[in-house]
Amino acid sequence: MNIYFDNNATTKVDSEVLEEMLPYYSKFYGNPSSVHDFGRKARFAVNKARSQVAKLLGIQPEELIFTSGGTESNNLAIKGYLFANPKAGRHIITSEIEHHAVLNPCKELKKQGYDLTVVSINKEGVVNPEEIRKAIRGDTALISIMYANNEVGSIQPISEIGNIAKEHNICFHVDAVQAVGKISFKTKEIKADLLSLSGHKINGPKGTGVLYIRKGIKVKSLQQGGHHERNIRPGTENVPGIVGLGKACEIAKKTLNEEVIYVSNLRNKLYLGIRERISDIKLNGCLEGILPNTLNISFAYIEGESLLLKLNKKGINCSTGSACTSGSLKASHVLRAMKVPSHMIQGSIRFSLGKYNKEEEIEYTLKILPGIVQQLREMSPLYEGIKEDGI
Ligand code: PLP
């Protein structure tokens, strides 16, 4: 078995997506800016993709620009908005559990003299909208909150936050990278002014993304170059990537509802099975308030990295959290913000499922996992001590 449980890190490209992309490398390889037939074909394909993305997000095609992914979309949203609207103020509000693609641009802006308020979250990994309201000042220019967290899957009360932003006439950016394709929503209903999406999280190609920019919102380009993407994102378009992203959005729109049911059934089976078979575990987040595909569990008395490696040897591929921080052995900023005790943070594993997972993979995992956890616990001096004390 070779089981992939790391879909929040990235996903397999859907075969229909790949099929749609390939001719744009080999046959229709024109530059969309060219006036000849090759260019026209490429331009047509980019426009078609624009409509496919717009339909999924419930926006107008002219309200989005293509980028290289979630990181670029977030940077462009945050810095691009502030630089284009200097009179809006120099204060930013964000949360503790944002992805580094939001936290780091905000920290960079702070070094440049902007003011930053990072609101805390509760034990379930959820922002309290009233904390956002309290943080608002006369010079607040931007609120940036993620729709759903990548590590624990906690879904944020995004419409409520959107309403607060609207009441105060403050621009609202939503990092929806983990929500798109997993939660059904309309961008207008959540009152987002700016919204980021990434292709590789929705069975599309890596290096593709979108920034939704609501009509009337000004964003300044972070690069200087040609006149592509309404002068906001210069550079020759990644036509095959954009075509793939468009197709991935079309598929997501069509299959979202049934996929959510399928994936959440598998995820629940995995969770209940783990709970039945293994003691001293903690679900990080609450099952009703997390993404349908995500399960972040702390196993007491063990090292998450050791568990990961042992699972990997048995063909089960999951992660200890964010793909960007795993490998660095730094304790997850998300679990720390959720006040998970540090010994439990160490033993945390994220299973993030996707549409290609099968029931037999869950059964296999439930057969393998308890033995590995027990084996690692037997090696832990802390666990031995607790056993001897009879606690
Ligand atoms: N935002 C969130 C919530 C993410 O999970 C990720 C990727 O893990 C990103 C942003 C960055 O997206 P990309 O990998 O497309 O740059």
Side-chain angles (χ1 to χ4, degrees), residues 4-13 17 53 57 64-80 94-108 118 121 125-127 144-156 158 161 173-183 185 190 192 194-212 222 233 238 241-242 244-245 248-249 252 284-285 290-296 318-328 330 332-335 337-338 350-354:
Y4 188 72
F5 282 150
D6 204 10
N7 287 277
N8 285 10
T10 195
T11 55
K12 175 179 165 178
V13 172
V17 167
V53 179
L57 295 180
L64 67 90
I65 61 157
F66 290 110
T67 67
S68 66
T71 302
E72 186 189 338
S73 295
N74 285 346
N75 270 272
L76 186 55
I78 295 168
K79 294 183 206 158
T94 189
S95 89
E96 288 183 292
I97 54 158
E98 299 303 309
H99 191 273
H100 286 113
V102 164
L103 287 177
N104 286 342
C106 286
K107 284 181 191 161
E108 186 56 36
V118 183
I121 46 121
V126 180
V127 174
S144 178
I145 300 291
M146 65 188 351
Y147 201 141
N149 181 263
N150 46 306
E151 290 191 38
V152 297
S154 54
I155 299 168
Q156 306 304 319
I158 218 73
I161 300 169
H173 167 238
V174 177
D175 174 352
V177 165
Q178 293 291 346
V180 174
K182 297 175 191 145
I183 302 174
F185 72 91
I190 62 168
L194 300 162
L195 181 135
S196 308
L197 172 162
S198 171
H200 73 107
K201 311 286 186 182
I202 55 166
N203 305 100
K206 292 174 181 57
T208 63
V210 160
L211 178 65
Y212 156 73
L222 301 182
R233 208 280 185 164
N238 169 9
I242 289 171
L245 171 60
C249 287
N284 294 312
I290 54 177
L291 289 171
N293 76 321
T294 306
L295 203 53
N296 188 310
C318 42
S319 80
T320 50
S322 152
C324 312
T325 47
S326 61
S328 71
K330 254 175 112 180
S332 149
H333 71 287
V334 175
L335 297 180
M338 288 166 72
R350 180 186 69 186
F351 301 89
S352 49
L353 279 57

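Each residue takes its place number in the sequence, starting with 1. One-based numbering, in listed order, for ligands and for the atoms of each.
With hydrogens and angles disregarded, a donor-acceptor distance shorter than 3.5 Å links the side chain of Asn149 to the backbone of Ile97.
Any N or O atom pair closer than 3.5 Å counts here, and Asn8 shares no such pair with ligand 1. Considering backbone and side-chain N/O of Gly70, one or more are found under 3.5 Å from N/O of ligand 1.
Side-chain contact check for Ile78 versus Thr94: every heavy-atom pair is 4.5 Å or farther apart. Residues Asn8 and Glu151 form no side-chain contact, since every pair of their non-hydrogen atoms from C-beta on lies 4.5 Å or further apart. At least one side-chain heavy atom of Leu353 sits under 4.5 Å from a side-chain heavy atom of Phe5. Between Val334 and Met338, some side-chain heavy-atom pair lies under the 4.5 Å cut-off. Counting heavy atoms from C-beta on, the side chains of Phe185 and Val174 never come closer than 4.5 Å.
Ligand 1 lies less than 4.0 angstrom from a heavy atom belonging to Lys201.
Distances below 4.0 Å separate heavy atoms of Met146 from the following atoms of ligand 1: 3 (C). Ligand 1 places these atoms under 4.0 Å from at least one heavy atom of Gln178: 3 (C), 4 (C), 5 (O). In the vicinity of Gly69, heavy-atom distances shorter than 4.0 Å reach the ligand 1 atoms 15 (O).
Residue-level proximity to ligand 1 for Thr71 is carried by backbone and side chain together, each with a heavy atom below 4.0 angstrom. Of all the heavy atoms of His200, the ones lying under 4.0 Å from any atom of ligand 1 belong exclusively to the side chain. Using a 4.0 Å cut-off between heavy atoms, Asn74 contacts ligand 1 through its side chain alone, with no backbone atom that close.
In this structure, of Thr208, Asn150, Asp175, the residue bringing a heavy atom nearest to atom 2 (C) of ligand 1 is Asp175. For atom 15 (O) of ligand 1, the nearest non-hydrogen atom from the set Gly209, Ser198, Gly207, Gly199 comes from Ser198.
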message: Between Asp6 and Ser352, does the side chain to side chain contact (heavy atoms under 4.5 Å, CB included) criterion hold? Intermediate values first, please.
response: CA-CA 5 Å; Asp6 204 10; Ser352 49; 4.0 Å; yes
- prompt: Step by step, would you call Thr208 with His200 a side chain to side chain contact (heavy atoms under 4.5 Å, CB included)?
  reply: CA-CA 7 Å; Thr208 63; His200 73 107; 5.9 Å; no
